[in-house]
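Working notes for the structure below.
Protein chains get the first letters and strands the later ones, always in sequence-line order, with residue 1 at the start of each.
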Amino acid sequence: MTVRVRIAPSPTGNFHIGTARTAIFNWLFVRNHGGQFILRIEDTDTERSRPEFTENILDGMTWLGLNWDEGPFFQTQRLDLYRQAVQTLLDKGLAYRCYTTSDELDQMRATQQARHEAPRYDNRHRNLTAEQIAQFEAEGRKPVIRFKIDDDREIVWDDQVRGKMTWKGRDLGGDMVIARQPEGDETFGQPLYNLAVVVDDMDMKISHVLRGEDHIANTAKQILLYEALGEEIPVFAHTPLILNEKGQKLSKRDGVTSISDFKRMGFLPEAIANYMILLGWTPENSTQELFSLDEAAQLFGLDRVNKAGAKFDWDKLDWINSQYLHNKAPEAVVDQLIPYWQEAGYEFDPEGDRDWLIQLTEIIVHSLTRLADAIPESRLLFGEKIKFSEKAIAQLQLENVEPVLNSIQDNLASATEFNADIAKDIIKQVTKAHNVKKGLVMKSLRAALTGELQGPDLIQSWALLHRKGWDKARLQQALAVISS
RNA sequence: GGUGCCGUAGGCAAAUUGGUUAAGCCGCUUGACUUUCAAUCAGGUGAAUGCGGGUUCAAACCCCGUCGGCACUUCCA
């Protein structure tokens with residue numbers, strides 16, 4: 001059997017982390033088995049669907065490296081297919097027109113809840129007589145289409161992550177609506193989610209449906225639809241949900257939840273993918289935690305997917321992101337850092353200063369957790385003029401600092417060339433000449449050169465500043481601070 | 001309320017499917033390194049596996065009960 005899976009996001013919001021995780025599991029599964037990955041945009045909710053969200057989803061998929069083999073398909077372009085299926089069900093007598101109004105439904109549910117009963121449609125219009133229908137039509141009521149669900153029916157499937165699942169027809173909420181009220185001169189209105197999904201999955205020959213566990217009840221309904229339409233039923237697997245701090249399903253209301261947000265915050269796509277792979281799956285006989293998508297695909301299996309939901313852990317994500325960042329070459333990271341520096345308002349020429357920027361990246365990349373950390377981490381190294389913090393000023397005003405800095409300045413002035421080794425020599429020499437502790441020289445030099453008492457490696461920072469000629473200017477500034 | 005699913009340290013999780021002392025990672029913490037923060041390295045902390053029974057020589061794992069959490073319960077997807 002050819003493995004064919006799909007990810008079917010609805011463009012009612014930006015690409016959500018939960019959807020992305022489902023996409024990743026589908027991707028890993030299909031790449032492990034060899035097969036096709038289909039992307040389908042479920043935009044039948046015309047009220048909330050928007051094209052910019054579709055774009056955001058597509059961008060996010062690409063960014064994460066989740067390449068797909070077919071699509072994107074759009075459900076709104078396939079409405080005829082769903083209408084045909086609705087008509088078929090109507091013709092077979094498996095679906096019918098229901099004239100119950102929204103108000104009547106609300107009232108019915110309210111009554112049921114008051115009686116502590118499960119809210120459900122009571123199938124009241126399942127067997128309407130021709131006269132009743134004529135009566136409702138005469139009243140101007142517009143029918144929805146409902147699919148019959150037998151109360152006594154038992155639905156069973158072998159879930160690939162949860163094992164045997166069983167549902168009773170009576171727990172599905174009564175006959176389900178598969179098409180809305182007609183508008184204009186339509187025979188029936190727009191087909192709804194559960195119907196459209198089944199028709200598409202049938203048409204696209206989806207062999208395995210991997211989705212979040214919030215769809216479990218839908219699966220029972222959809223199996224009934226497969227049967228009614230006389231089609232083979234795919235294999236189902238329901239993955240656990242990603243939870244917020246409180247242990248609830250992660251939703252838009254939990255702050256940062258869309259892939260584009262993570263991107264903006266400075267996470268690398270491979271880190272996000274890696275973290276989500278780990279959230280609910282572990283490889284067999286291994287404690288490996290860092291993998292590329294390809295590596296994980298080699299090892300992936302549904303039988304290793306956990307059943308319990310997993311809380312989203314920022315600390316672990318940060319750690320994974322830092323691991324990827326630390327292992328990257330500065331030449332590869334610098335282009336990703338440039339936008340952050342630009343946004344921070346630092347002045348530089350992305351082209352002309354590229355070598356200098358690579359050198360800067362080299363200094364800081366090993367201590368970055370997120371790309372955005374480059375802003376505070378390199379703040380002190382941009383620009384000719386600086387501000388001195390109170391602590392830095394206090395350091396500069398210590399005994400012996402002025403003569404030490406003067407000596408450094410002299411050494412610098414007479415040096416014909418400059419690099420890290422020469423910098424070390426200068427420091428050594430000055431320390432000896434003034435008979436002071438090395439710590440005093442280093443601390444004071446740091447204060448003078450950066451205006452702060454802590455930051456990236458001082459020798460390398462000095463070398464970097466020197467390339468711009470900023471070291472001399474800053475030393476001068478520091479000396480001026482001391483004498484004022 | 002109903003139905004379903006789930007429950008191993010603060011978080012993610014492993015445990016050859018009933019077999020020593022319940023892995024590993026993150027976090028937290030201590031130390032080392034360093035001119036500093038970070039990074040890195042090394043060590044430490046923390047769970048009687050939700051709880052109570054039962055079966056067994058032996059239970060995280062099987063059985064019964066119980067509690068808790070979550071999901072679904074749309075003319076949303």
Side-chain angles (χ1 to χ4, degrees), chain A residues 8-13 19 42-45 47-49 75 98 100-102 105 109 112-120 142-146 159 162-163 165-168 170-174 176-181 189-190 192-194 196-197 212-218 220 238 240-241 243 245-249 275 278-290 304 306-320 322 325-326 364-369 373 376-377 427 437-447 450 452-459:
Chain A
S10 73
T12 52
T19 314
E42 307 211 323
D43 54 354
T44 51
D45 184 349
E47 299 272 305
R48 297 189 300 150
S49 293
Q75 288 196 320
C98 165
T100 316
T101 64
S102 302
L105 286 173
R109 290 191 188 113
Q112 287 162 339
Q113 288 193 35
R115 272 190 248 140
H116 296 301
E117 289 169 10
R120 59 162 2 237
K142 305 277 191 199
V144 300
I145 309 296
R146 283 186 187 268
D159 195 286
R162 272 146 219 286
M165 301 284 294
T166 310
W167 279 80
K168 292 194 177 62
R170 68 174 63 89
D171 295 326
L172 258 20
M176 64 190 271
V177 180
I178 55 173
R180 289 181 157 140
Q181 284 182 340
Q190 178 158 5
L192 259 13
Y193 172 72
N194 276 305
V197 166
E213 68 170 303
D214 46 345
H215 281 285
I216 288 180
N218 285 329
H238 293 90
L241 266 19
L243 277 20
E245 226 166 289
K246 286 186 234 149
Q248 300 156 325
K249 179 164 94 166
Y275 179 59
L278 243 35
L279 219 50
W281 176 81
T282 45
E284 195 173 3
N285 298 324
S286 161
T287 55
Q288 184 180 351
E289 293 208 314
L290 262 16
R304 300 286 305 175
N306 218 57
K307 288 197 259 287
K311 287 185 187 172
F312 192 90
D313 182 358
W314 285 95
D315 285 330
K316 183 92 182 230
L317 206 215
D318 269 335
W319 177 77
I320 290 175
S322 74
L325 223 32
H326 299 171
I364 63 169
V365 73
H366 298 291
S367 48
L368 299 183
T369 294
D373 295 339
E377 199 66 25
I427 289 165
K437 287 189 176 173
K438 190 185 171 195
L440 178 88
V441 178
M442 295 299 278
K443 269 188 161 179
S444 306
L445 185 58
R446 180 182 289 283
T450 70
E452 288 288 351
L453 256 29
Q454 56 196 42
D457 184 275
L458 182 58
I459 304 290

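- Between the P atoms of rC12(B) and rA59(B), the separation comes to 27 Å (whole Å).
- Base contact: E289(A) has a heavy atom under 4.0 Å from a base atom.
- In this structure, K307(A) places its NZ atom 20 Å from P of rA71(B), rounding to the nearest Å.
- Here the closest non-hydrogen pair linking L325(A) and V365(A) is O-CG2, 3.6 Å.
- The nucleotide rG69(B) finds its pairing partner in rC5(B), both defining distances of the Watson-Crick or G-U wobble pair being shorter than 3.5 Å.
- Here the C1' atom of nucleotide rA77(B) and the CD1 atom of I178(A) are 17 Å apart, to the nearest Å.
- Under the Watson-Crick or G-U wobble criterion, with both distances below 3.5 Å, rA58(B) has no partner in any strand shown.
- We find that the ring of H215(A) and the base of rA77(B) stack, their centres lying under 5.5 angstrom apart and their planes tilted less than 30°.
- The CD atom of Q288(A) sits 16 Å away from the C1' atom of rC12(B) (whole-angstrom rounding).
- Using a 4.0 Å heavy-atom cutoff across all strands shown, D313(A) reaches at least one base atom of the nucleic acid.
- The distance from atom CH2 of W314(A) to atom P of rC25(B) is 24 Å, rounded to the nearest whole Å.
- Nearest nucleotide to the side chain of L192(A), out of rG1(B), rA77(B), rC25(B): rA77(B).
- Contact of the R162(A) side chain with the E213(A) side chain is registered, since non-hydrogen atoms from C-beta on lie closer than 4.5 Å.
- Only the C1' atoms considered, rA47(B) is 14 Å distant from rU21(B), to the nearest whole Å.
- rG24(B) and rA9(B) are spaced 13 Å apart, taking the C1' atom of each and rounding to whole Å.
- Within a 6.0 Å sphere centred on CD of E245(A), heavy atoms belonging to other residues, nucleotides or ligands number 12 at most.
- A donor-acceptor pair under 3.5 Å is absent between the side-chain atoms of R180(A) and the main chain of Q190(A), judged by distance alone.
- Syn is the classification of rA48(B), since its glycosidic angle stays within 90° of 0.
- In terms of position along RNA chain B, the nucleotide closest to E284(A) lies nearer the 5' end than the nucleotide closest to the other residue of the pair A8(A) and E284(A).
- The phosphate of rA77(B) has OP1 or OP2 within less than 4.0 Å of a side-chain N or O from T44(A).
- Nearest nucleotide to the R162(A) side chain, out of rC5(B), rA77(B), rA71(B): rC5(B).
- Note on N306(A): only backbone sugar-phosphate atoms sit closer than 4.0 angstrom, heavy atoms only; bases stay farther off.
- Judged purely by atom type and a 3.5 angstrom limit, D159(A) uses its side chain to pair as donor or acceptor with the backbone of H238(A).
- Within the nucleic acid shown, G247(A) comes within 4.0 Å of sugar-phosphate atoms alone, with no base atom in reach, counting heavy atoms only.
- V197(A) is not listed as a side-chain neighbour of N218(A), based on a closest heavy-atom distance of 4.5 Å or more.
- Taking atom P on both rG10(B) and rU49(B), the two are 14 Å apart, rounded to the nearest angstrom.
- Among the protein residues, R48(A) comes within range of the nucleic acid bases, having at least one heavy atom under 4.0 Å from a base atom.
- Across all strands shown, D457(A) has heavy atoms under 4.0 Å from base atoms, whether or not it also approaches the sugar-phosphate.
- When distances run from any side-chain atom of P119(A) to the nucleotides rA39(B), rU35(B), rG1(B), the shortest one goes to rG1(B).
- Remark: the separation of the C1' atoms in rC51(B) and rG27(B) is 28 Å, to the nearest Å.
- rG2(B) atom P lies 15 Å from atom CZ of R170(A), rounded to whole Å.
- Distances shown here put a side-chain N or O of K438(A) below 4.0 Å from the OP1 or OP2 atom of rU35(B).
- Across all strands shown, rA23(B) remains unpaired; no Watson-Crick or G-U wobble contact has both distances below 3.5 Å.
- Heavy atoms of G280(A) sit under 4.0 angstrom from primed sugar atoms or phosphate atoms, though from no base atom.
- S444(A) comes within 4.0 angstrom of nothing in the nucleic acid, heavy atoms only.
- The same atom, C1', is picked in rG50(B) and in rU8(B); the two are 10 Å apart, to the nearest Å.
- Considering only heavy atoms from C-beta on, P456(A) comes within 4.5 Å of E377(A) through its side chain.
- Across all strands shown, rU29(B) forms a Watson-Crick or G-U wobble pair, both distances under 3.5 Å, with rG43(B).
- For rC76(B), the OP1/OP2 oxygens have a side-chain nitrogen or oxygen of R180(A) closer than 4.0 Å.
- Between the C1' atoms of rA13(B) and rC6(B), the separation comes to 15 Å (whole Å).
- When each of R109(A) and A308(A) is assigned the nucleotide of RNA chain B with its nearest heavy atom, A308(A) is the one assigned upstream, toward the 5' end.
- Atom P of nucleotide rA39(B) and atom CG of L458(A) are separated by 20 Å, given to the nearest angstrom.
- Within the 4.0 angstrom heavy-atom criterion, no nucleotide atom of any strand lies near S49(A).
- Nucleic acid contact for Q181(A): base, since at least one base atom lies under 4.0 Å from a heavy atom of the residue.
- The residue L241(A) sits close only to the backbone: its heavy atoms come under 4.0 Å of sugar-phosphate atoms, none of a base.
- Closest approach to the R446(A) side chain among rA71(B), rU35(B), rA13(B) is made by rU35(B) (side chain taken as heavy atoms from C-beta onward).
- Summarising the geometry, the separation between CD on E213(A) and C1' on rC72(B) is reported as 10 Å, rounded to the nearest angstrom.
- In this structure, A118(A) reaches the bases: a heavy-atom distance under 4.0 Å links it to at least one base atom across the strands shown.
- Between the NZ atom of K311(A) and the P atom of rG69(B) there is a distance of 12 Å, given to the nearest Å.
- Glycosidic conformation of rU17(B): syn, with the torsion inside 90° of 0.
- In terms of phosphate contacts, Q113(A) brings no side-chain nitrogen or oxygen within less than 4.0 Å of OP1 or OP2 of rG1(B).
- Pairing for rU74(B) is absent, judged as Watson-Crick or G-U wobble with the two contacts each under 3.5 Å.
- Nucleotide rU17(B) forms no Watson-Crick or G-U wobble pair with any nucleotide shown, as no partner meets the under 3.5 Å limit on both distances.
- Considering only heavy atoms from C-beta on, Y275(A) comes within 4.5 Å of D313(A) through its side chain.
- In this structure, T287(A) does not reach the rC25(B) phosphate: none of its side-chain N or O atoms is under 4.0 Å from OP1 or OP2.
- Side-chain N or O atoms of R146(A) include none that pairs as donor or acceptor with a backbone N or O of G174(A) at under 3.5 Å.
- Contacts of V144(A) with the nucleic acid, taken as non-hydrogen atoms under 4.0 Å apart, include base atoms.
- At a cut-off of 3.5 angstrom, the base of rA77(B) holds no donor-acceptor pair with the side chain of D43(A).
- Here the separation of rA71(B) from rA77(B), taken at their C1' atoms, is 15 Å to the nearest Å.
- Distances from the side chain of W319(A) to the nucleotides rC70(B), rC5(B), rC25(B) place rC25(B) closest.
- The base of rC70(B) does not come close enough to the side chain of K249(A) for any donor and acceptor atom to sit less than 3.5 Å apart.
- A donor-acceptor contact shorter than 3.5 Å links the side chain of Q112(A) to the backbone of R120(A).
- The residue S367(A) sits close to a base: some heavy atom pair falls under 4.0 Å.
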